[in-house]
Amino acid sequence: MTACLLYISHSINPHSSTVQIMGTSASATSQAAPFAPTHQADHQGNGMAEHRRSLQSVNIHNSKAKSIITNKVAPVVITNNCREEFQIHDKIQSANYSTGRISDLLPEHYLVLGEFFMVQDVYNRADVLNTTKSHGAPNFRKVKGKYPLFGMGQPSLNGFKQVLQRLQIDGCEEAIFICVREEPVVFFRSGGDFIPYTPRGRENLHENLHDLDRELSAEQIELSIRKELCDFAKLSENKFYVYNDIEHFKDEPQQVQILSEEDIHVTEEVYRRPLFSQPQHRYYRLPLPMEGAPLEETFDAFVNILRLTPNLFLMRDSSRPPPALLFSCQVGVGRTNLGLILGAIVFHHLQGAAESPRQEMQKSEHKLDFQVIELLISRLPKGQQVLDEVDDAIAMCSDMHNIKDAVFENKLKLEGIGEDYQIQGNSTKGYFLQRTLQSLERYVYLLVFNAYLHEQYPQAFPQSFSQWLCMNAWIYRLLACMDSSELSTPASLITDGIRVLVSSQFLATDLLSTAKEMKVANFRRVSKMALYGMAQPNSEAVAVVMSYLTDQRRGHSTILWLNLQEELVLEANGQMFTPREPGSLEQPIPVCVQHPQKLQEMELALKQDILRCEKWLEVITEQDKQMRMFKTCQTIEELFVHQKSVHPGLSYQRIPLSDFCAPKEEVFDQLLEAMKSSLAEDPNCAFIFNCHDGKDRTTAAMVIATLTLWHINGFPECEEDEIVSVPDAKYTKGEFEVVMQVVRVLPDGHRVKREVDVALDVVSETMTPMHYHLREVIISTYRQIKKAKSEADAQCLRLRSLQYLERYIYLILFNCYLHLEKKDSWRRSFSQWMYQVAARAGVYAILNHLGFSEFENPDDSLMARLRFRWLPHSVQFIPMRGQLI
């Protein structure tokens, strides 16, 4: 006998109390052998333990079994008439099911998916419109206006049949039913109907499960749950416990009888089976999130529904009415509302603006004056029309929920919190900030989706929404700055003691030992080039550096100083300081600005407040905490204005660059334009770059400058690659699969990459004691993930490695741009080239699946996507101190 023989479920009888057990050659006495849950089984790692488990796990009907021959694989059953012999491979006992109870007063029973209780899906109080009896589903409704758009909560099987009848009465010849639930739902047989239940955790029995398993669909999870429930029933006399009243637990739990899989339906069966009698109707599952905007692939799935429906084509047969769209979630409010808005936008494109019911409806009184919306509308073709159409759709579907009102109300609650406080260890302001940003993101994505429809709907969607967004990646850049609250932080945060000033000596370690001579940490020069880098200097250091560059030996008469800091920086009493949170001294507080001048304005306001307060302030220096009274204070720009009076050939610019990340396309534009302008005035101009420590951002900018100067003055001779046989040699040379994928796309890609590698080598030679080389940092950071002490540390390292990888790719792309656009003196900016040329070549599509495919599937991490990787990330939580604008 082998384990692959048929599993005979009919030979198991849970009611039998005894069983005849025989060894290989002799009978044994009768003994009780009830089913035992796996977690109670003997876990000794020997054959006897397995032998005992095989005996305890079998309960054979007396009328069938004459004897059982046990072995290590599975028991062998010989029937009374000795004509049949079966081997029972009891998978139920080996599945390691768990048991639990909601409270000590309630019985213990098996748990779904190892930890969840089955709770009745919809309560009577959730049916605000009281339509369950009349229409078959809670909160059933048609949107305002003439569009055939319907929404509802979760119906039972009979309830859905009633909905079908209702649509037939209303004259709907064709209907598309779209379930927008992402959580698993199963339906138990009950009195001639099938009632929906959902798995829920003990800690929050009112909340459905979300994001259970990214690799499994809701349908697959539902099938797994049904299989478990059938197994549980076999282990418990064909019964399973469910909960209907989780408020008072009166008469709970309830028992449901499960004799076979036909006693349990999954969502697909409830919606699809009744449609066999009405072939014009169709059903789809389109999981929408409870909060925030759907993923791009969800919009793609919705567009595929449109593609599969001829009556939703713009070139459709106008004599036939369009199909009705019916969206449903649990109670028919939040996610259903989002689905209805998507449907309303589609019908607006389908039936034209002339039939828009805009005049008949009262639109939301709340105007969303957010910077991200204004910037988006200003850049989108027909931006104001796109916004008006979405606002019309929202008003049309606002009977039970209004997305714009949700944004406004969340923002109002956020602003209503005075002093932040903690709830279960989490910031209250942080919670409402997240809720506000999620509701704002949902609204913004509706605008973006409508812009996509304007372009793609008339062409029958040659591009998916995902592809279109990669062609318009500037939208991701815009969304990354949605939280602009730091722009409105009060200047008095320092003098009020909420934030503290941290000195540059505390933040920047002088690894190159240059502070003694040059008065600034990590001062260095690229060999044979007028390129210099350093940490943030004070006025004394600037004077020393300027004297050094303009002395008789170097003799630079024109110097461009580029400050890459995106934080606020001040000089006070001769020391450089930057504001930080007291509990996160090493966590930078970047300010996302559209124009660098805004940083200067904020620094000026901070300076004025410090000088005005005339009191002792807590500061963090290289040694420890100290109290300081500041008699002098100046911004960085003021510092350079003074130096310009001493050195007229000095120019200063602020070009904020984010730590770790690839520079934004606009940063490349600003750096190139600054260098072109300076070199046009003086071909021997020297360039100086600084960030807070002279390491990460300064190195990136120096590589960009090196490539730029090579294109203007000529490239040095590049030696052939050496054959290196050391661990990870392939990766320290930057030959990652995704990098080589980009290289293959670019004209003369291998040479372009080799030139970037030489530039990296040249710049890295200036900072050997730092042990910092971009190509090596990529793989070394990724290798550290396995050694991470916590999941949070691992996620941070994963993000950092991807950011370094992306920075490397951007340098290659920039060098390719310099080659291709040189003939026109780079009149087209790098941003324009990226969006007009590189995007069409699929570069952003590659970057949207960024990862180390040599070692793992990149799409397993959300950080592989532009949408999530380009968001601002901080290692430590930074409390919100300003207002959303």
Tell me, yes or no, whether the heavy-atom count around [X] atom [atom1], taken from other residues, nucleotides or ligands under 6.0 Å, exceeds 12.
X	atom1	answer
Asn124	CG	no
Glu173	CD	no
Glu261	CD	yes

For [Y], is there any backbone N or O sitting under 3.5 Å from a side-chain donor or acceptor partner on [X]?
X	Y	result
Thr131	Ser134	no
Arg865	Asn848	no
Asn311	Pro323	no
Ser156	Ile195	no
Ser801	Leu797	yes
Asn337	Val333	no
Asp263	Ser260	yes

Should the pair Phe160 and Phe177 be assigned to parallel (<30°), tilted (30 to 60°) or perpendicular (>60°) ring geometry? perpendicular
Check the orientation of Phe194 and His265. Use parallel for under 30°, tilted for 30 to 60°, and perpendicular for over 60°. parallel
With a 3.5 Å cut-off and no angle check, do the side chains of [X] and [Y] form a donor-acceptor pair?
X	Y	result
Arg200	Thr198	yes
Glu222	Thr267	yes
Tyr241	Ser236	no
Thr309	Arg282	yes
Gln330	Asn208	yes
Glu854	Tyr782	no

Could you tell me whether Tyr197 and Phe187 have their ring centroids closer than 6.0 angstrom? no
Just one of Ile264, Asp231, Asn238 clears the side chain to side chain contact (heavy atoms under 4.5 Å, CB included) bar with Ile258, so which one? Ile264
Side chain to side chain contact (heavy atoms under 4.5 Å, CB included) with Leu288: which of Cys329, Pro294, Cys179? Pro294
After noting the C-alpha distance and the side-chain angles of Glu262 and Arg273, does the key distance pass the salt bridge (charged side-chain N to carboxylate O under 4.0 Å, His left out) rule? CA-CA 13 Å; Glu262 281 301 310; Arg273 288 181 176 181; 3.7 Å; yes
Please assess Asn244 against Glu252 for the test side-chain hydrogen bond (donor to acceptor under 3.5 Å, both in side chains), listing each intermediate value before the final yes or no. CA-CA 7 Å; Asn244 296 340; Glu252 298 295 337; 4.7 Å; no
Consider ring-ring contact (aromatic ring centres under 6.0 Å, His included). Of Tyr97, Phe232, Tyr243, which one does His109 pass it with? Tyr243
